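Values in this document were obtained by computation on a predicted structure and should not be read as measured data. Chain letters run A, B, ... following the sequence lines, proteins first, then strands; residues in each count from 1.
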Amino acid sequence: MTPEELSLAISACLKDAVAAGEIALSASAVPDEVRVERPKNREHGDWATNIALQLSKQAGTNPREFATILSARLKSIDGVSAVDIAGPGFLNITVDAAAAGALAKAIVEAGRDYGTTTTLAGHVVNMEFVSANPTGPLHIGHTRWAALGDAIARVLRASGAEVTAEYYINDAGSQMNVFANSVYSRLHGLPVPEGGYPGQYIADLGHDVLSAHPDIRELTEVAALPVIRAAAYKAQLKDIKDTLADFGVAFDVYFSEQELHDAGAIESAVARLREQGHVFDDGGAVWLRTTDFGDDKDRVMIRANGEPTYFAADAAYYLSKKDRGFTEKIYLLGADHHGYINRLKAIAACAGDDPDVNIEVLIGQLVSVNGAKLSKRAGNIIELKDLIDWLGKDAVRYSLARFPADSPLTLDPDLLKKHSNENPVFYVQYAHARTRGAARNAVAAGVDRSAFEASLLDHATENELLSYLGSYPSIVAKAAELREPHRVARHLEVIAGAYHRWYDACRIAPMGDEPVTDVNRTRLWLNDATSQVLANGLDLLGVSAPERM
RNA sequence: GCGCCCAUAGCUCAGCUGGAUAGAGCGUCUGUCUACGGAACAGAAGGCCGGGGGUUCGAAUCCCUCUGGGCGCACCA
């Protein structure tokens with residue numbers, strides 16, 4: 001019995017009670033699924049619901065009376081062994097061991113599919129994240145979104161959504177010229193130009209350019225700059241892609257801003273938005289009236305000098321996503337871009353979309369290290385590449401994925417540097433390795449899965465572990481719905497803890513010369529079910545599930 | 001000045017969108033091993049959930065208001 005099954009059964013009982021006239025509610029007031037929670041206190045049963053507290057007012061009765069009527073029907077649910085009414089009207093439900101234990105076998109049989117649902121089926125999602133300028137290496141600021149964005153994409157897919165992960169390359173702006181100038185200066189041993197990019201990587205890019213174009217130093221500045229710009233851009237973008245691959249982050253599409261310009265998409269975007277009636281001319285510039293849709297000021301699309309703005313490219317890019325058939329466009333942006341929310345939503349509205357449905361802008365607080373703010377331009381960056389080499393992909397990805405995006409996060413490098421159980425990733429990975437080790441030992445001792453007797457999983461720690469395994473799918477679905485993959489990570493930590501407690505209390509393999517019994521065999525199913533859930537969950541976070549550590 | 005985010009144990013942070021005695025890891029202290037992997041488990045100490053009002057059966061959670069942090073307000077990209 002999973003919490004979902006219980007939830008549906010409770011809802012059915014409610015509907016029956018309404019139909020029988022025992023509760024004065026309209027049928028539409030009964031929710032299809034009743035939320036059941038795992039009570040903190042074990043004396044409160046296996047599962048609890050506060051549905052009586054929520055609906056009694058509408059039903060014109062008091063919560064305890066409501067609960068009494070409902071509990072009589074809940075007792076007849078197959079697998080429910082007891083129903084108690086507590087406090088102001090909580091319903092505490094106890095499930096018998098056989099009904100709870102059956103889950104272990106179901107999980108093993110579902111395998112990698114356990115935890116996938118269809119709650120977001122039909123959603124065609126474009127998820128844009130990272131999108132770092134191709135003028136420098138990825139640093140820790142991008143790291144958070146790389147880890148989180150990839151995990152969100154995976155969680156969405158697990159919930160049935162069709163997701164395209166997309167990286168927008170800002171390769172068209174004036175920063176590309178600054179970038180080329182910076183490399184040019186390095187090649188000629190000149191100081192970093194005003195506002196240019198410092199940092200060793202500029203010199204490294206110079207070497208890349210030099211090996212591709214050995215005569216680059218002989219060219220005049222005017223002739224050299226376009227060559228440098230193209231070659232350094234190519235090398236830097238490759239570096240970014242390689243780093244993301246090392247981080248286990250896969251993008252389906254790398255979208256070039258320059259190609260938008262080359263294809264005339266800016267002009268056609270202005271024309272299309274003008275048709276929608278939201279474009280106006282003022283002071284020689286072309287504007288989009290974003291204030292019609294909640295922005296605090298209108299935005300220039302084409303400057304008085306005829307040059308398009310970055311904002312115009314944003315609008316063209318949005319239209320591209322719309323044209324490509326995405327019903328939901330999700331943007332993951334850093335907190336320093338939160339001012340973009342309104343204008344991006346206004347673009348969607350101007351394009352005729354519903355800004356509450358078709359576009360979603362997620363804002364993440366920036367990660368800091370040792371209190372120092374990181375700046376690409378200042379050159380004191382911590383590169384993603386170095387972080388991976390330093391701490392390992394798994395530790396970095398897990399550390400970033402286990403916190404929600406909207407709270408400030410301070411990473412202590414000295415703490416993260418330690419490969420010890422101070423880092424929660426090891427707690428979860430170790431639990432998985434332990435399940436594998438326990439299975440190897442059990443098999444060596446002659447235990448197999450030839451028998452499964454669910455009612456034998458009756459220890460308190462088994463009840464606890466089963467309930468957490470059972471709520472895993474709804475946690476994944478919730479994480480997808482709210483775009484909060486940290487919920488998965490936290491739940492894995494809960495499962496790992498429950499597993500360790502079970503492992504301490506209940507042996508899988510027989511002790512010494514004792515014979516193998518169905519208790520051992522059945523426990524092996526539960527062990528393997530735990531293994532499967534931990535592996536599935538870690539995979540959603542892009543973290544490996546090691547066989548041994 | 002206007003706007004967004006944040007404030008919970010000594011530290012880093014959860015808290016399932018309003019529920020029962022507010023949790024985890026680390027740190028501190030005390031226990032459990034002739035060990036299916038001790039990278040574990042059990043227990044203790046540690047909280048005015050930033051302050052003050054309000055909403056209701058019930059608030060860390062929702063509303064208002066202070067305080068204190070982070071960030072943003074371009075015909076830059």
(request) For RNA chain B, just give me the dot-bracket, please: Watson-Crick or G-U, both distances below 3.5 Å, ( ) intra-strand, [ ] crossing earlier pairs, | paired with another strand, . unpaired. (result) (((((.(..((((.....[...)))).(((((.......))))).....(((((..]....)))))).)))))....
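Counting any heavy atom pair closer than 4.0 Å across all strands shown, A:Leu53 reaches a base atom. A:Ala48 comes within 4.0 angstrom of a base, heavy atoms only. At a threshold of 4.0 angstrom between heavy atoms, the contacts of A:Arg402 with the nucleic acid are absent. Residue contacts for A:Leu482: at a heavy-atom cut-off of 4.0 Å it reaches a base atom on one of the strands shown. Note on A:Ala335: only backbone sugar-phosphate atoms sit closer than 4.0 angstrom, heavy atoms only; bases stay farther off.
Along RNA chain B, the nucleotide nearest to A:Tyr310 and the one nearest to A:Gln365 differ in position, and the one closer to the 5' end is contacted by A:Gln365. Projected onto RNA chain B by closest heavy-atom contact, A:Tyr340 and A:Trp502 fall at different nucleotides, the more 5' of which corresponds to A:Trp502.
Residue A:Ala285 has its side chain nearest to B:C75 when only B:C75, B:G19, B:U17 are considered. Listed candidates were B:C71, B:U17, B:C13. Nearest to the side chain of A:His338 is B:C71. Listed candidates were B:A14, B:G15, B:C73. Nearest to the side chain of A:Lys297 is B:C73. Listed nucleotides B:A20, B:A77, B:G15 differ in distance to A:Asn92; the shortest reach to its side chain belongs to B:A20. In this structure, of B:C16, B:C75, B:U12, it is B:C16 that holds the atom nearest to the side chain of A:Arg35. Proximity note for A:Asn133 (side chain, C-beta onward) versus B:A40, B:A77, B:C41: the nearest is B:A77. Counting only heavy atoms from C-beta on, A:Tyr427 has its side chain closest to B:A40 among B:A40, B:C73, B:A14.
The aromatic rings of A:Tyr331 and A:Tyr318 sit parallel, their planes meeting at an angle under 30°, below the 60° perpendicular limit. Using cut-offs of 30° and 60° for the angle between ring planes, the A:Tyr168 and A:Tyr317 rings count as parallel. Ring geometry, A:Tyr427 versus A:His500: the interplanar angle exceeds 60°, so the pair is classed perpendicular (tilted spans 30 to 60°).
Evaluation of atom-type donor-acceptor distances gives a pair under 3.5 Å for the side chain of A:Asn50 against the base of B:G19. A donor N or O paired with an acceptor N or O is not found under 3.5 Å between the base of B:G72 and the side-chain atoms of A:His337.
In this structure, B:U17 is classed as syn because its glycosidic torsion stays within 90° of zero.
One atom, CD of A:Glu257, and another, C1' of B:C76, lie 12 Å apart when rounded to the nearest Å. With rounding to whole Å, A:Arg299 atom CZ is found 13 Å from B:C76 atom P.
Within a 6.0 Å sphere centred on CD of A:Glu259, other residues, nucleotides and ligands contribute 12 heavy atoms or fewer.
Stacking is found between A:Tyr503 and the pyrimidine-like six-membered ring of the B:C36 base under the 5.5 Å centre-distance and 30° plane-angle cut-offs. Between A:Phe90 and B:A20, a base-stacking contact is recorded: ring centres under 5.5 Å apart, planes less than 30° from parallel. Ring-base stacking between A:His44 and B:A20 is satisfied, the centre separation being under 5.5 Å and the plane angle under 30°.
Between B:A60 and B:U17, the distance separating the two C1' atoms is 13 Å to the nearest Å. Here, B:C2 and B:C11 have their C1' atoms 36 Å apart, quoted to the whole Å. Between the C1' atoms of B:C26 and B:A20, the separation comes to 29 Å (whole Å). The gap from the C1' atom of B:U28 to that of B:C71 amounts to 37 Å, rounded to the nearest Å.
Between A:Glu462 and A:Arg523 a salt bridge is recorded (basic side-chain N to carboxylate O distance below 4.0 Å). The residues A:Arg521 and A:Asp518 are annotated as salt-bridged, a charged nitrogen and a carboxylate oxygen being separated by less than 4.0 angstrom.
Contacts with RNA chain B (heavy atom under 4.0 Å) in residues 504-515 of chain A: A:Asp504, A:Cys506, A:Arg507, A:Ile508, A:Ala509, listed by number.
In this structure, the separation between CZ on A:Phe311 and CE on A:Met301 is 6.0 Å, given to the nearest 0.5 Å.
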